[in-house]
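Quick note: numbers below take in every heavy atom, side chains included, and nothing from hydrogens, waters or symmetry partners.
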Amino acid sequence: MTSPGGQAAANAIDAPGTDEALWRAWPGLRSLPAAALPVRGRVVIVAAHPDDEVLGFGGSISLLAAAGVELTVVSVTDGERSHPGSRVVDPVSLAAIRATETRAALDELGADRARVIRLGVPDTDVAGHEVPLAAKLTGLLRGAALCVAPWTGDLHADHEAAGRAALRAADAAGVPCLLYPVWMWHWARPDDPRVPWESGARIGLPPAALARKASAVERFASQIRPLGPAPEDAAILPPEETAHHLRDLEVVFR
């Protein structure tokens with residue numbers, strides 16, 4: 001994860017978030033139609049930052065891996081600016097740490113054979129590289145069964161730009177695309193009119209897949225635990241945030 005771009009987005013994400021208990025109590029999530037995952041072929045999962053794919057789609061990655069589906073994870077950025085003011089770790093070191101965490105998380109999901117592609121787009125500036133990103137993703141999506149990418153309404157500039165580029169690439173490659181939210185669970189509320197629930201779908205996670213996802217999230221120590229005692233080294237994803245991603249279903253927009 002990385003801090004959002006744009007003042008409005010930053011305000012929404014920095015503000016106190018919605019308690020996970022409200023989401024779990026809302027019947028709207030359970031009433032979403034079920035989304036079917038491929039049982040063969042290749043699935044390309046796009047992440048704006050290392051960890052997005054596990055937070056938003058990790059349980060589904062576990063299900064796909066168990067089914068023997070070929071997986072490609074595309075890390076658009078290296079997430080090197082998640083702690084821009086840190087004196088504990090520099091951006092180059094943090095990029096390497098987050099790449100290692102991603103590989104370890106995929107192993108926890110049973111996706112140890114997944115291919116990971118790091119594109120090296122500057123963290124916090126995906127929008128400035130959206131056109132070449134879409135071209136790169138188009139080539140990676142040729143012949144794929146499905147593309148999965150961050151939701152274009154997530155109120156995080158990098159997430160939204162990565163999602164737009166993935167949609168453009170999927171359209172060019174003739175591949176269906178699902179979009180997963182990450183920060184939406186923080187700033188939105190049940191039945192929020194800003195969320196296109198009519199295009200939403202749920203993917204149920206059996207206990208084994210949910211347990212794998214929980215173990216995978218734990219691998220992102222640089223994001224879920226403080227790097228040090230200073231405020232600029234605080235955890236990006238404290239327990240109240242990771243709770244949104246540890247329920248027994250995942251939501252995608254079609």
Q | Arg30 and Asp248: CA distance, side-chain angles, deciding distance, salt bridge (charged side-chain N to carboxylate O under 4.0 Å, His left out) verdict | A | CA-CA 10 Å; Arg30 305 282 169 186; Asp248 64 354; 2.8 Å; yes
Q: Mind checking the OG1-CZ spacing from Thr100 to Phe220? Nearest 0.5 Å is all I need.
A: 11.0 Å
**Q.** Any Phe253 side-chain heavy atom under 4.5 Å of Thr152 side chain
**A.** no
Q: Please report the C-alpha distance between Asp78 and Asp123 in whole Å, then the side-chain angles of each, then the deciding distance to 0.1 Å, and finally whether the side-chain contact (heavy atoms from CB on, under 4.5 Å) criterion is met.
A: CA-CA 7 Å; Asp78 286 328; Asp123 194 2; over 6 Å; no
Q | Transitive ILVMFWY side-chain link Val121 to Val73, under 4.5 Å | A | no
Q) Within a strict 4.5 Å, meaning less than it, do heavy atoms of the His83 and Gln223 side chains meet? A) yes
**Q.** Nearest atoms (heavy-atom pairs only) where Glu250 meets Gly58
**A.** OE2-N, 3.2 Å
Q) Among all residues two or more places apart in sequence or in another chain, which pass the ring-ring contact (aromatic ring centres under 6.0 Å, His included) test with His129? A) none
**Q.** Gly128 backbone acceptor or donor facing Glu130 side chain under 3.5 Å
**A.** no
Q: Determine, step by step, whether His159 and Trp151 satisfy the side-chain contact (heavy atoms from CB on, under 4.5 Å) criterion, reporting the C-alpha distance in whole Å, the side-chain angles of both residues, the deciding distance to 0.1 Å, and the verdict.
A: CA-CA 7 Å; His159 293 198; Trp151 178 44; over 6 Å; no
Q) Do other residues, nucleotides or ligands put more than 12 heavy atoms under 6.0 Å from Arg142 CZ? A) yes
Q.
Working to the nearest 0.5 angstrom, can you tell me the gap between Leu227 CG and Glu232 CD?
A. 10.0 Å
Q: Would you check if Leu237 and Leu55 make a side-chain contact, meaning some heavy-atom pair closer than 4.5 Å?
A: yes
Q.
Test of understanding: clusters of I, L, V, M, F, W, Y form through side-chain heavy atoms closer than 4.5 Å, transitively. Do Leu137 and Val126 belong to the same one?
A. yes
Q: Write down the atom of Val252, the atom of Ala35, and the distance for their closest heavy-atom approach.
A: CG2-CB, 4.2 Å
Q.
Less than 6.0 angstrom separating the ring centers of His49 and His156, yes or no?
A. yes
(Q) How close do Thr77 and Ala48 get, counting heavy atoms only, and between which atoms? (A) OG1-O, 2.8 Å
Q. Going from OG on Ser75 to CG on Leu119, what distance comes out if it is rounded to the nearest 0.5 angstrom?
A. 8.0 Å
Q. Under 3.5 Å, is there a donor-acceptor pair between the side chain of His186 and the main chain of Ala15?
A. yes
Q) Quick one: does Phe57's side chain get under 4.5 Å of Leu109's, heavy atoms only? A) no
Q. Which heavy atom of Pro38 sits nearest a heavy atom of Val69, and at what distance?
A. O-CG2, 3.5 Å
Q: Kindly work out whether a path of hydrophobic side-chain contacts (I/L/V/M/F/W/Y, heavy atoms less than 4.5 Å apart) joins Leu37 to Val46.
A: no
Q: Answer yes when Glu198 and Arg254 have at least one side-chain N-carboxylate O distance shorter than 4.0 Å, and no when they do not.
A: no
Q. Looking only at heavy atoms, what is the nearest atom pair of Leu140 and Arg42, with distance?
A. O-NH1, 2.7 Å
Q. Name the one of Arg219, Arg212, Lys213 that satisfies salt bridge (Lys or Arg N to Asp or Glu O under 4.0 Å) with Glu108?
A. Arg219
Q: Taking the side chain as every heavy atom from C-beta outward, state whether Glu241 and Ile236 have any pair of such atoms under 4.5 Å apart.
A: no
Q: Taking atom CZ of Arg225 as the centre, report whether more than 12 heavy atoms of other residues, nucleotides or ligands fall under 6.0 Å from it.
A: yes
Q. Taking all non-hydrogen atoms of both residues, which atom of Asp52 and which atom of Val182 are closest, and how far apart?
A. O-CG2, 4.1 Å
Q. Does one hydrophobic cluster hold both Leu71 and Val217, with members joined at side-chain heavy-atom distances below 4.5 Å?
A. yes
Q.
If we ignore hydrogens and angles and just use 3.5 Å, is the side chain of Arg98 paired with the main-chain N or O of Glu80 as donor and acceptor?
A. no
Q) Can you check side-chain contact (heavy atoms from CB on, under 4.5 Å) on Thr18 and Asp192, steps first, answer last? A) CA-CA 11 Å; Thr18 300; Asp192 198 311; over 6 Å; no
Q. So how far is it from Leu106 CG to Glu101 CD, rounded to the nearest 0.5 Å?
A. 12.0 Å
**Q.** Approximate separation, where rounding is to 0.5 Å, of Ile203 CD1 and Leu249 CG
**A.** 9.5 Å
Q: Quick one: do Arg189 and Val195 satisfy side-chain contact (heavy atoms from CB on, under 4.5 Å)? Show the steps, please.
A: CA-CA 9 Å; Arg189 297 182 64 83; Val195 178; over 6 Å; no
Q) Counting only N and O atoms by type, is there a donor-acceptor contact under 3.5 Å from the side chain of Asp154 to the main-chain atoms of Glu160? A) no
Q | Any side-chain heavy-atom pair of Ser199 and Leu179 under 4.5 Å | A | no
Q. Cluster question for you: counting only ILVMFWY and a side-chain heavy-atom cut-off of under 4.5 Å, with indirect links fine, are Leu29 and Met184 together?
A. yes
Q.
For the CG atom of Leu178 and the CG atom of Leu146, what is their distance to the nearest 0.5 Å?
A. 5.0 Å
